Amino acid sequence: MLKNLYQRFNLKKIIILGLIVRLISWPWIYHGDVNATYWWGKFASEFNWRGYYDWLYFGGHGQPDQPMINIYYNWAVRQIYLFFYHIFWYLNIHIPVFPSNFMQWYFLNGNQYLLKIPMIIADLFIVYFCYKFTKSKKIALILALFPPLIYNSAVWGSGDSIINLLALLAIYFFWKKKYFTGIIFYLFSVLYKSSLLIWAPIILIILIKNKISSKKIILSGVFLLSLIYLVCLPFNPIEINPLIWFFQTMLTKILPGVMDQISANAMNFWALLYGLKPRVDNFLFLGFINVRLFSILICFILYLHQILKLNKNYSKKSLLLSLVSLSMITFTFMTRMHERYSFPALIPLLLLSHFDHRFVKYFITLSVTHLINVYSGWWTPNIPPLVNLLDNDFVVRLISFINIIITLKLVFFNLDIKNTHNNHHQPPPPKRH
């Protein structure tokens with residue numbers, strides 16, 4: 001049935017279908033996280049940016065814990081909101097038939113809903129990118145109708161599609177030896193939200209395998225620092241060098257996060273042990289090592305294993321597997337993980353499943369566990385029987401256990417070096433006599 005469906009669709013129709021589904025979902029609701037970004041954009045619009053992270057008082061609206069591109073994004077959407085607000089207000093005053101209830105809705109919620117529009121657009125670009133990468137209408141149609149993608153962007157308003165699109169494009173351009181383009185996309189991903197900083201070691205392996213010259217390394221480094229300088233210049237206090245301020249801010253205010261809990265609603269290794277009840281990650285694990293430090297140590301060891309494996313067996317498939325594995329290692333074993341943080345594994349895992357059908361079962365399972373985890377705690381839509389089933393400590397630990405098992409299977413999956421292309425099912429060539 002699915003085969004007949006996507007054969008009747010061309011890429012344009014698939015993208016239009018994806019847009020329609022998201023526009024239907026878009027005006028339904030938004031998560032409370034969107035309110036925080038609304039206030040960040042409002043404050044960025046009304047106050048001077050200099051000192052935004054340092055002394056601007058946000059009251060009860062949440063101190064900004066996301067990097068500078070995120071603030072630019074919220075500010076830009078705020079300007080769009082204000083532009084249309086003045087138009088709608090003029091129409092409301094001068095045209096009696098104009099629905100005043102709409103004006104009231106737009107005043108209260110318009111900015112928040114506009115924040116989700118670029119996320120929906122990013123979804124569609126992901127569909128287009130994955131189609132171009134695989135030449136598969138089936139992959140494009142799956143993503144156009146992919147529930148986790150729709151739920152995170154059009155319903156929740158999380159922005160995960162934006163950072164994943166930018167980071168995937170960066171990996172692609174680094175792989176194609178277009179280093180400056182890759183730097184721009186990766187930096188914008190990390191400076192919108194730092195989640196995919198974990199992919200940096202994979203970029204290092206790509207550069208090594210591409211045999212990048214010393215000259216290119218120096219030029220790329222200068223280009224990277226120049227971009228960082230320009231991005232953070234409007235925010236840093238005058239008395240501090242912008243680059244020094246940037247690294248201080250990232251290390252002390254952005255990367256640590258604001259929820260120093262052992263699990264911030266992520267169904268992972270720590271949820272298996274302790275459940276999802278809030279608990280600060282500063283106690284000793286088994287009485288001898290700080291939990292936060294222990295989680296970082298586990299991830300470091302598994303990261304190193306993955307990077308060495310990628311370096312030894314470098315191919316398109318192993319590159320995609322490394323993106324999936326590092327994402328799931330972080331989600332599964334790092335403390336302070338949120339429910340959405342298994343999302344970065346899903347798109348590269350779908351691409352990997354296209355080239356190797358052995359990964360389809362992992363993609364389907366992780367898509368389901370991700371959607372359950374994102375639904376958990378927010379309960380939107382509120383379906384009481386489903387809430388009663390999932391809001392259960394046994395179910396939480398079961399899903400956590402499944403995520404751990406799949407993570408370990410992916411980490412220790414042995415890709416045959418001879419089978420790194422689409423034709424991995426072809427028989428070996430005949431022996432010569």
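A quick note: this is a predicted structure, and the numbers were derived from the prediction, not measured.
Residues passing the side chain to side chain donor-acceptor pair (under 3.5 Å) test with S327, sequence neighbours excluded: W199. For D33, the salt bridge (charged side-chain N to carboxylate O under 4.0 Å, His left out) partners are R340, not counting sequence neighbours. Looking at residues two or more places apart in sequence or on another chain, you find no ring-ring contact (aromatic ring centres under 6.0 Å, His included) involving Y186. Residues meeting the side chain to side chain donor-acceptor pair (under 3.5 Å) test with T369, sequence neighbours left out: N403. For R336, the salt bridge (charged side-chain N to carboxylate O under 4.0 Å, His left out) partners two or more places apart in sequence, or in a different chain, are D281. The salt bridge (charged side-chain N to carboxylate O under 4.0 Å, His left out) check on E239 picks up nothing, with sequence neighbours excluded. Taking D391 as the reference, nothing meets the salt bridge (charged side-chain N to carboxylate O under 4.0 Å, His left out) condition, with sequence neighbours excluded.
A side-chain hydrogen bond (donor to acceptor under 3.5 Å, both in side chains) check over residues 241-250, counting only residues at least two apart or in different chains, returns the pairs D54-W245, W245-T249.
Counting only N and O atoms by type, the side chains of S353 and Y362 include no donor and acceptor under 3.5 Å apart. Side chains of E339 and N373: no donor on one and acceptor on the other come within 3.5 Å. For the residue pair S325 / Q306, a side-chain donor-acceptor distance below 3.5 Å is found, with atom types taken as modelled. Remark: the R78 side chain and the S45 side chain contain no N/O donor-acceptor pair separated by less than 3.5 Å. With 3.5 Å as the limit, one finds no donor-acceptor pair spanning the side chains of H354 and T134.
Considering OH of Y303 and CD1 of I198, their distance stands at 5.0 Å, rounded to 0.5 Å.
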Can you list, pair by pair, the side-chain donor-acceptor contacts under 3.5 Å of residues 395-402, counting residues two or more places apart and other chains?
residue	atom	partner	partner atom	Å
R397	NE	D393	OD1	3.4
R397	NE	D393	OD2	2.5
R397	NH1	L272	O	2.5
R397	NH1	L273	O	3.3
R397	NH2	D393	OD2	3.3
S400	OG	N268	N	3.4
S400	OG	V396	O	2.8

Identify every side-chain donor-acceptor pair in residues 165-179 under 3.5 Å, counting partners at least two apart or on other chains, and give the distances.
residue	atom	partner	partner atom	Å
Y179	OH	N210	ND2	3.4

Taking distance alone, no hydrogens or angles, what donor-acceptor pairs closer than 3.5 Å link side-chain atoms of residues 217-237 to residues at least two apart or in another chain?
residue	atom	partner	partner atom	Å
S220	OG	K216	O	2.7
S226	OG	V222	O	2.7
N236	ND2	I240	O	2.6

Listing, residues 56-64 side-chain donor-acceptor contacts under 3.5 Å, not counting sequence neighbours, or none:
residue	atom	partner	partner atom	Å
H61	ND1	W39	NE1	3.4

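Using a 4.0 Å cut-off between charged side-chain N and carboxylate O, K253 and D65 make no salt bridge.
S161 contributes a side-chain N or O that, together with a main-chain N or O of M119, makes up a donor-acceptor pair within less than 3.5 Å. Remark: side-chain polar atoms of R22 are paired, donor with acceptor, to backbone N or O of A144 under 3.5 angstrom. The backbone N or O of L197 sits nowhere less than 3.5 Å from a side-chain atom of S194 that would complete a donor-acceptor pair. Counting only distance, with no hydrogens or angles, the side chain of S158 and the backbone of N152 share a donor-acceptor pair below 3.5 Å.
Within 6.0 Å of NZ in K409 there are 12 or fewer heavy atoms belonging to other residues, nucleotides or ligands.
Annotation: cation-pi geometry not satisfied between K137 and F9 (NZ/CZ under 6.0 angstrom from ring centroid, within 45° of ring axis). For the pair R50 and Y52, the NZ or CZ position fails the cation-pi test of under 6.0 Å to the six-membered ring centre and within 45 degrees of the ring normal.
Two residues are said to be in side-chain contact when any heavy atoms from C-beta on lie closer than 4.5 Å; S376 and L390 fail this criterion.
For F363 and F146, the gap between ring centers is short of 6.0 Å.
Ring geometry, W379 versus Y375: the interplanar angle exceeds 60°, so the pair is classed perpendicular (tilted spans 30 to 60°). A parallel orientation is assigned to the rings of F294 and F285, their planes being inclined by less than 30° (bins at 30° and 60°).
Under the ring pair (Phe, Tyr, Trp, His ring centres under 6.0 Å) test applied with Y72, the options W40, W49, Y192 reduce to a single match, W49.
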